Student: 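Here it is, the structure in full.
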Amino acid sequence: MKPILQNHTVPAYAKINLSLDILGTRPDGYHEVRMLMQSLTLHDTITLEVQPVPGVSLTCSEPSLPVDGRNLAYRAAALFLSAYAPSYGAVLHLEKKIPAAAGLAGGSSDAAAVLRGLNEMFSSPASDTALAVLGLQLGADVPYCLLLGTALSEGIGERLTPLPAAPDCYCLLVKPAAGASTKQIYTGYDALTETMEIPHPDTKGLLDALSAGDYAGLASRLCNVLEPVTVRLIPEIADLKETLYSLGADGALMSGSGPTVFGLFSSEDTAKNAEAHFLRTSYAPRTFLTEFYRR
């Protein structure tokens with residue numbers, strides 16, 4: 001099999017969770033989840049070049065990130081080539097815009113973009129389903145990052161249902177400096193549920209709001225069961241949410257296992273003013289003003 005493209009550049013879109021619910025723990029130790037996922041226009045950019053000899057090499061604009069088998073983009077390239085083009089290799093360059101370890105699926109999105117890009121370069125030998133199967137070997141969010149848009153994610157992330165596009169709005173991401181590991185947060189959730197009742201998302205209400213194009217109904221139902229866990233470790237998250245609401249956000253929530261908090265705004269001017277406020281603060285968290293990505 002020969003490539004039809006020698007070079008290719010692909011975007012890797014960030015995601016947020018409009019909701020995150022945990023239904024229980026599976027026998028294999030994974031948590032059964034139900035999540036309303038939304039991709040954003042904020043994205044990394046990956047440049048791919050096919051080589052006539054096996055092997056993968058990766059460079060990255062962010063010096064703190066690994067560029068070997070610890071990087072999901074690297075692993076995605078190796079996995080795809082092993083399955084579909086074992087006599088070829090690839091050179092990758094990753095231009096990072098999505099912050100790492102932020103609850104925005106930056107690594108999963110990079111992996112999905114590499115799988116999608118290489119598949120296009122080799123005349124699409126893998127179906128969408130086959131790519132998703134490869135992606136699941138890399139991480140639970142990778143199949144969604146292949147699908148993009150608005151979707152319901154169930155199981156451990158492998159069961160995906162495309163949904164009507166969410167109403168247009170502006171999304172302000174605010175990432176504090178502190179972080180926490182995903183494994184630590186999920187373990188903390190299991191411990192916390194033994195001592196207190198955690199509010200769960202109104203998934204039906206969210207789905208109804210999407211079907212109706214009801215922005216206010218969507219913004220008012222944002223919910224993430226992991227938020228109370230991460231807030232105990234990073235109290236600043238609660239302060240960021242409160243500040244977003246005070247600055248005019250119609251809804252605010254922590255994404256994934258955190259620590260990034262996002263606010264939804266119907267007005268671009270209000271969103272820009274909110275971002276300016278955070279940039280003036282002494283602790284200066286990282287901010288990204290973005291919008292919902294549509295398939």
Side-chain angles (χ1 to χ4, degrees), residues 13-23 32-43 103-105 109 141 143-155 157 159-174 197-228 230-231 237-238 240-258 260-275 277-278 287-295:
Y13 296 99
K15 69 85 189 166
I16 55 173
N17 297 82
L18 299 173
S19 72
L20 193 160
D21 200 4
I22 295 177
L23 307 182
E32 188 85 14
V33 297
R34 181 184 291 141
M35 306 181 290
L36 192 60
M37 311 281 268
Q38 176 62 54
S39 47
L40 304 172
T41 54
L42 172 69
H43 65 275
L104 301 173
S109 181
D141 280 342
Y144 166 73
C145 292
L146 285 162
L147 176 65
L148 298 173
T150 312
L152 182 67
S153 173
E154 299 176 284
R159 297 204 313 269
L160 297 167
T161 305
L163 298 172
D168 288 334
C169 64
Y170 299 91
C171 181
L172 177 60
L173 307 174
V174 186
E197 185 72 25
I198 293 178
H200 289 261
D202 175 11
T203 303
K204 182 181 183 304
L206 283 162
L207 295 176
D208 289 345
L210 279 174
S211 295
D214 178 8
Y215 168 70
L218 184 73
S220 66
R221 290 181 172 88
L222 304 177
C223 183
N224 180 347
V225 297
L226 296 180
E227 190 177 88
T230 312
V231 164
I237 289 170
L240 293 176
K241 275 190 67 175
E242 184 178 343
T243 303
L244 281 164
Y245 277 116
S246 72
L247 294 170
D250 302 304
L253 191 69
M254 183 188 80
S255 182
S257 58
T260 300
V261 178
F262 67 88
L264 302 184
F265 296 81
S266 56
S267 162
E268 183 179 15
D269 287 343
T270 305
K272 286 181 175 178
N273 289 337
E275 181 178 36
H277 169 85
F278 284 108
T287 63
F288 306 85
L289 183 54
T290 182
E291 298 178 52
F292 289 170
Y293 172 85
R294 294 171 176 270
R295 270 186 230 98

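Quantities reported herein were computed from a predicted structural model and do not represent experimental measurements.
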Student: Distance check, rounded to the nearest 0.5 Å: Ser257 atom OG versus Asn224 atom CG?
Tutor: 8.5 Å
Student: Please determine whether side chain to side chain contact (heavy atoms under 4.5 Å, CB included) holds for the pair Tyr170 and Thr270, giving the CA-CA distance in whole Å, both sets of side-chain angles, and the decisive distance to 0.1 Å.
Tutor: CA-CA 9 Å; Tyr170 299 91; Thr270 305; over 6 Å; no
Student: With a 4.5 Å heavy-atom cut-off, do Val174 and Thr243 have their side chains touching?
Tutor: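 No - every pair of side-chain heavy atoms lies 4.5 Å or more apart.
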Student: With a 4.5 Å limit on heavy-atom distance, are the side chains of Ile198 and Ile22 in contact?
Tutor: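 No, too far: nothing below the 4.5 Å cut-off.
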Student: Say you draw a straight line from OG1 of Thr161 to CZ of Arg34; how long is it, rounded to the nearest 0.5 Å?
Tutor: 10.5 Å
Student: Looking at every non-hydrogen atom in both residues, tell me the closest pair between Pro143 and Gly157 and how far apart they are.
Tutor: CB-O, 4.2 Å
Student: With Tyr13, which residues qualify under ring pair (Phe, Tyr, Trp, His ring centres under 6.0 Å), at least two apart?
Tutor: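 By the ring pair (Phe, Tyr, Trp, His ring centres under 6.0 Å) rule, Tyr13 matches His43, Tyr293.
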Student: Might you confirm whether atom CD of Glu32 has over 12 heavy atoms from other residues, nucleotides or ligands at distances under 6.0 Å?
Tutor: yes
Student: Rounded at 0.5 Å granularity, tell me how far OG in Ser255 sits from CE in Met35.
Tutor: 10.0 Å
Student: Might you point out which heavy atoms bring Tyr144 and Ser39 nearest each other, and give the distance in Å?
Tutor: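 For Tyr144 versus Ser39, the nearest heavy atoms are OH-N, 2.8 Å.
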Student: Of all heavy-atom pairs between Arg221 and Leu206, which one has the smallest distance, and what is that distance?
Tutor: CB-CD2, 3.6 Å
Student: For Arg294 and Ala166, work out which heavy atoms get closest and say how close.
Tutor: NH2-O, 2.9 Å
Student: Kindly say whether Leu36 contributes a backbone atom to a donor-acceptor pair with the side chain of Ser19 at under 3.5 angstrom?
Tutor: yes
Student: Exactly one of Leu18, Ile16, Asn17 should register a side chain to side chain contact (heavy atoms under 4.5 Å, CB included) with Leu222. Which one does?
Tutor: Leu18
Student: Would you say His200 and Val225 make side-chain contact, with heavy atoms under 4.5 Å?
Tutor: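 With C-beta onward as the side chain, the pair touches.
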Student: Any side-chain to backbone donor/acceptor pair from Arg295 onto Thr150? Under 3.5 Å, distance only.
Tutor: yes
Student: For the CG atom of Leu20 and the CE atom of Met37, what is their distance to the nearest 0.5 Å?
Tutor: 8.0 Å
Student: Can you see which heavy atom on Leu218 is nearest to which on Ala209, and at what distance?
Tutor: N-CB, 3.7 Å
Student: Taking Ala216's backbone N and O only, do any of them form a donor-acceptor pair with Ser220's side chain (distance below 3.5 Å, no angle check)?
Tutor: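 It does hold such a pair.
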Student: Could you tell me whether the side chain of Cys171 reaches within less than 4.5 Å of the side chain of Gln38, counting heavy atoms only?
Tutor: no
Student: Give, for atom CG of Leu264 and atom CZ of Phe292, the distance between the pair rounded to the nearest 0.5 Å.
Tutor: 4.5 Å
Student: Does some side-chain heavy atom of Tyr215 sit less than 4.5 Å from a side-chain heavy atom of Asp168?
Tutor: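 No, too far: nothing below the 4.5 Å cut-off.
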Student: What are the two closest heavy atoms between Cys223 and Pro199, and how far apart are they?
Tutor: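 Looking at all heavy atoms of both residues, the closest pair is SG-O, 3.8 Å.
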Student: Rounded to the nearest 0.5 Å, what separates atom CG in Leu163 from atom CG in Leu147?
Tutor: 9.0 Å
Student: Taking only residues two or more places apart in sequence, or in another chain, which ones meet Ala274 in a side chain to side chain contact (heavy atoms under 4.5 Å, CB included)?
Tutor: Leu172, Leu247, Phe265
